[in-house]
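Data block below; observations after.
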Amino acid sequence: MLDLKRIRENEAQVREGLARRGLSTEVIDAVLERDRERRRLLSETEGLKSRRNRTSEEVGALRKRGADTSAIQAEVRALGERIAALDDRVREIRAGLDALLLGIPNVPHASVPTGGGAARNVVLREVGARRAFDFEPRTHVEIGERLGILDLARATRMSGAGFPLFVGAGARLQRALLNFMLDLHVREHGYTEVWPPVLCNSAAMTGTGQLPKLAEDMYRLAADDLYLIPTAEVPVTNIYREEIIARPLPVCLTAYSACFRREAGAAGRETRGIIRVHQFDKVEMVKFVAPESSYDELEKLLDNAEDVLRRLGLAYRVVALCSGDISFAAAKCYDVELWAPGQRDWLEVSSCSNFEDFQARRAGIRYRDAGGKVRFVHTLNGSGVALPRLVVAILENGQQADGSVVLPEAVVPYMGGVSRIEVPV
RNA sequence: GGAGGGAUGGCUGAGCGGACGAAAGCGCCGGUCUUGAAAACCGGAGUGCCUUCGGGCACCGUGGGUUCGAAUCCCACUCCCUCCGCCA
């Protein structure tokens, strides 16, 4: 959520931010108009309340002396009625204002390239050589089914399309990769591991910005005001909701979680295989940092995500998203994409974002600066990394002519020494 | 799921409907003393909003209600604790 004062005082900057996202700035007019009305009514109401408080105290004093207070009591009662009416009106305006503010996206950082659509994203670097094949590389679906480690048909029978079932070495690979990534972030990148709930309430979802805009994309348990999380970002960021963080910043947390996405509106896109699924597993990194350092911390976060791929020896590239492509809550965002030879395409496996104080303001996450002043933290997060597309890349890059798959060395210890998944006889 | 108890500032914990934005202790910050520290003593300190910058308003789990006036009384909800039942 944007600071109302910021909209008031830096109107042009906010309008430019919306425009860079390709959005209308009409909402700003509505916000400013309601804000003016709200402040006008507040002054009036508070003046009346001040009068009521003083007069009411008088009643007490007069009573003590045994004086008749019926006239003055009637006066206060009348004041109370006026106040109640005004309060209702203020509440109404405030609710409307909040609804507007919750629907306004973050202002893109100055360093974000301007433009809309993937074509305007900027490829910053490509790391690692793409493997050359002396045979026609197969897709992960072909590889996985032949190896008997991926059973999409049976998964569809129990849950529908988009719910992968991993078997044998495939299941083991999931567990191995998760442990490999968590160990890396905890032991070498300085993160504290957490294991969060995968159902969160609407307040938490609003805090990180999934609500109100992305309601259609989430699985919801209507009877309980609970949603299945689309990413561990939600529970992990909300750990400090409505708190003044007492620990020294930065606070760096990492978590594995299952993630659930309805992918409404994505029907027909990337439906083959496990590139876009309704349930998947992911290791997430989340940081709570002082505002001065958030852009340095974003670079570190990005490097932590890249480190996963470097150690697995996979070819990847880093993309700076343009202003029309960054997510609702983000001020700046880098995507990390893996090369998948069976797809002949780059697959997004991580999105590293700085939200500045956008989420912190919604979720009420604050800290005390050196001077003891209470301020909103900056929050960041990034995948480190998402599993299904990582598995796609490992299978498609590691495939051999005979159908077997050679695994990256770094996961072999986590696979109980297995370095190659063989075709069953 | 059943029965009872509870929710107050960073923590512990007081609070006859007007004195309470709130005692006290701990912790924290500043000062005195000290070579330095500890102890002792003195002082300071909640959050948000509005403002004509004098000040004002709101906040004691959340939302309603009673009253001239609510941390305090009433109702509902949420969460926590104890006991019983059930369960991995």
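Convention: sequence-line order gives letters A, B, ...; per-chain numbering from 1.
B:A19 is unpaired under the Watson-Crick or G-U wobble criterion, no partner having all donor-acceptor distances under 3.5 Å. Applying the Watson-Crick and G-U wobble criteria (two distances, each under 3.5 Å), B:U32 pairs with B:A40. Using the Watson-Crick or G-U wobble rule with both distances under 3.5 Å, B:C79 pairs with B:G6. Nucleotide B:A71 is matched to nothing when pairs are restricted to Watson-Crick or G-U wobble geometry with both distances under 3.5 angstrom. Pair assignment for B:A58: B:U47, on the basis of Watson-Crick or G-U wobble contacts that are both within less than 3.5 Å. Across all strands shown, B:C87 forms no Watson-Crick or G-U wobble pair with both distances under 3.5 Å.
Counting to the nearest Å, the P atom of B:C50 and the CG atom of A:Leu48 are 18 Å from each other. One can place NZ of A:Lys373 at 14 Å from C1' of B:G46, the figure rounded to the nearest angstrom. Distance, A:Leu86 CG to B:G56 P: 20 Å, rounded to whole Å. Distance A:Glu9 CD to B:C50 P: 10 Å, rounded to the nearest Å. Note: CZ (A:Arg54) to P (B:C57) measures 8 Å, nearest angstrom. A straight line from CG of A:Leu42 to P of B:U52 spans 13 Å, rounded to a whole angstrom. Here B:G48 presents its C1' atom at 8 Å from CZ of A:Arg366, a figure rounded to the nearest Å. Separating the CD atom of A:Glu243 from the P atom of B:G9 is a distance of 13 Å, rounded to the nearest angstrom.
Nucleotides B:A7 and B:A71 place their P atoms 16 Å apart, quoted to the nearest Å. Annotation: B:G85 and B:A3 have their P atoms spaced 16 Å apart (nearest Å). Spacing of P atoms, B:A24 relative to B:A45, comes out at 13 Å, to the nearest Å. When the C1' atom is compared between B:U78 and B:A23, the two are found 29 Å apart, to the nearest whole Å. Between B:G69 and B:C16, the two C1' atoms lie 16 Å apart (nearest whole Å). With P as the reference atom, B:C57 and B:A19 are 14 Å apart, rounded to whole Å. With C1' as the reference atom, B:C49 and B:U12 are 31 Å apart, rounded to whole Å. Taking atom C1' on both nucleotides, B:G9 is separated from B:C77 by 25 Å, rounded to a whole Å.
Put simply, A:Asn53 has a side-chain N or O that comes within less than 4.0 Å of OP1 or OP2 on B:C57. For B:C50, neither phosphate oxygen OP1 nor OP2 lies less than 4.0 angstrom from any side-chain nitrogen or oxygen of A:Ser43. The phosphate of B:U47 (OP1 or OP2) has a side-chain N or O of A:Arg368 nearer than 4.0 angstrom. For B:G56, the OP1/OP2 oxygens have no side-chain nitrogen or oxygen of A:Arg51 closer than 4.0 Å. Contact between the side-chain N/O atoms of A:Arg38 and the OP1/OP2 oxygens of B:C50 is found at a separation under 4.0 Å. Of the side-chain N and O atoms in A:Arg39, none sit less than 4.0 angstrom from OP1 or OP2 of B:C50. Between A:Arg94 and B:C50 there is no side-chain polar atom (N or O) within less than 4.0 angstrom of OP1 or OP2.
For B:G54, the O4'-C1' to base torsion is within 90° of 0; the nucleotide is therefore syn.
Side chain of A:Lys49, nearest nucleotide from B:C50, B:A58, B:G18: B:A58. Taking every side-chain heavy atom of A:Ser56 into account, B:C68 is the closest of B:A58, B:C68, B:C50. Comparing B:C49, B:U47, B:U51 by their closest approach to the side chain of A:Glu46 singles out B:C49. Distance from the side chain of A:Ser50 is smallest to B:G56 among B:C68, B:C50, B:G56. Set against B:U51, B:C68, B:G48, the side chain of A:Val374 has B:G48 as its closest nucleotide. Of the candidates B:G64, B:A58, B:U51, B:G64 carries the atom nearest the A:Arg91 side chain, counting heavy atoms from C-beta on.
Within a 6.0 Å sphere centred on CD of A:Glu409, other residues, nucleotides and ligands contribute 12 heavy atoms or fewer.
Of the residues listed (A:Arg8, A:Arg375, A:Arg362, A:Arg361), the one engaging A:Asp3 in a salt bridge (Lys or Arg N to Asp or Glu O under 4.0 Å) is A:Arg361, and it is the only one. Among A:Val283, A:Leu338, A:Asp281, the single residue meeting the side-chain contact (heavy atoms from CB on, under 4.5 Å) criterion with A:Leu390 is A:Leu338. Only one option out of A:Thr114, A:Val107, A:Asp325, A:Asn106 pairs with A:Arg21 in a side-chain contact (heavy atoms from CB on, under 4.5 Å); it is A:Asn106.
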Next item on the list: Mind running side-chain contact (heavy atoms from CB on, under 4.5 Å) on A:Arg261 and A:Phe280 for me, showing each step along the way?
Entry: CA-CA 9 Å; A:Arg261 297 184 183 181; A:Phe280 63 97; 3.8 Å; yes
Item checked: A:Lys287 and A:Thr379: CA distance, side-chain angles, deciding distance, side-chain hydrogen bond (donor to acceptor under 3.5 Å, both in side chains) verdict -> CA-CA 6 Å; A:Lys287 291 188 179 191; A:Thr379 59; over 6 Å; no
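For the pair A:Glu348 and A:Glu337, the tightest heavy-atom approach, listed with the atom from each and the gap, is CA-CG, 4.0 Å.
Residues A:Tyr367 and A:Phe288 place their aromatic rings such that the two centres sit no closer than 6.0 Å.
Take the nearest nucleotide of RNA chain B for A:Leu4 and for A:Ala74: the residue whose nucleotide is more 5' is A:Leu4. Between A:Thr55 and A:Asp3, the residue anchored closer to the 5' end of RNA chain B is A:Asp3, taking for each the nucleotide with the nearest heavy atom.
Residue A:Val59 is classed as a base contact, given a heavy-atom separation below 4.0 Å to a base. Among the heavy atoms of the strands lying under 4.0 Å from A:Arg8 are primed sugar atoms or P, OP1, OP2 only; no base atom is included.
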